[in-house]
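One-based numbering, in listed order, for ligands and for the atoms of each.
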Amino acid sequence: MSKLTLGVLASGSGSNFQSIIDKTESGYLDADIAVLISDNPKAFALERARNHNIESLVLRPKDFDNKSSYYAHIADELKKRGVSLVILAGFMRVVKKELIQEFPNKIMNIHPALLPSFPGLHGQKQAADYGVKIAGCTVHFVDEGVDTGPIIIQAAVPAYHDDTEETLGERILKEEHKIFPYAIKLFSEGKLSVEGQKVVMLGNKNNIVLHNPAQ
Ligand code: GAR
């Protein structure tokens, strides 16, 4: 497989972005990060990009006529840079078809819950408030629904009765940092095949990764 060119979209701290930077720099991922795009000029992810000499752009929806032109512009910026896989690393918006159709099954999102439970915002809080005993995170391809696309990989963590959004979120985030780079690695090795709603992991007939795949 040829080397991947990643385009990353992030709205906030960017710790998932950082885990992907680290895994490209260590050689675990055979990928270049061409650009970071943020919708938030205050995102710490922008600082992380600067620290690693990664080009960054701030693109805010309010500077565009509508969502369609916003996402069409993002798609153009990514295509201009030869991006082959788009990474939503804490991008807190529902992306629209103008972007999705340009990158079919080539946009990955990380979600802080075991989908299809607790889609949308604050997955960790939804899980903690619900009182689940097992929580976790999901990497999935992005389709036009809200967190409904084909699931690539999930990791589970225990949830305790006194967990808050923060304590549970921290436990989940540690797993996010492992499974997101791992999903990208599987993609780069051509091991992910999408069959309808399902992702089949070639060479792993049980389609299950138990723990710490990125280590
Ligand atoms: C992560 O927990 C990610 O799963 C979540 O935002 C956080 C971003 O953290 N994403 C969503 O909730 C998307 N709906 P980070 O900026 O430190 O990577």
ask   = When you measure from atom 9 (O) of ligand 1 to every protein heavy atom, which one gives the shortest distance, and what is it?
value = Asn16 ND2, 4.1 Å

key: Salt bridge present between Glu144 and Lys96 (N-O < 4.0 angstrom)   = no

ask   = In terms of ring plane angle, is the pair Phe64 and His73 parallel, tilted or perpendicular, where the classes change at 30° and 60°?
value = tilted

message = Please list the nearest protein heavy atom to atom 6 (O) of ligand 1 with its residue and the distance rounded to 0.1 Å.
response = Met92 CE, 2.9 Å

Which residue and heavy atom of the protein sit nearest atom 17 (O) of ligand 1, plus the separation = Ser15 OG, 2.6 Å

ask   = Does Asn109 reach ligand 1 with a nitrogen or oxygen that is under 3.5 Å from one of the ligand's nitrogen or oxygen atoms?
value = no

ask   = Counting only heavy atoms not in Glu170, do more than 12 sit closer than 6.0 Å to its CD atom?
value = no

remark   = protein heavy-atom neighbour closest to atom 8 (C) of ligand 1 works out as Gly90 CA, 3.7 Å

ask   = Passes side-chain contact (heavy atoms from CB on, under 4.5 Å), Val86 versus Ile74? Steps please.
value = CA-CA 11 Å; Val86 182; Ile74 290 180; over 6 Å; no

key: Candidate with minimal heavy-atom separation from atom 16 (O) of ligand 1, of Gly14, Ala43, Gly12   = Gly14

message = Suppose we measure from atom 12 (O) of ligand 1 to each protein heavy atom; which comes out shortest, and what is that distance?
response = Pro112 CD, 3.4 Å

key: Lys191 atom NZ, over 12 foreign heavy atoms within 6.0 Å   = no

task = Apply side-chain contact (heavy atoms from CB on, under 4.5 Å) to the pair Tyr71 and Ile100, showing each step before the final yes or no.
result = CA-CA 9 Å; Tyr71 287 102; Ile100 297 166; over 6 Å; no

inquiry  = Quick test: of every protein heavy atom, which one is nearest to atom 3 (C) of ligand 1, and how far off is it to 0.1 Å?
reply    = Glu176 OE1, 3.3 Å

Proximity flag Gln124 to ligand 1, non-hydrogen atoms under 4.0 Å = yes

task = Could you tell me which atoms of ligand 1, counted from 1 in the order shown, lie closer than 4.0 angstrom to a heavy atom of Ser13?
result = 16 (O), 17 (O)

task = Establish, from distance only, whether the side-chain atoms of Asp65 and Ser69 form a donor-acceptor pair under 3.5 Å.
result = no

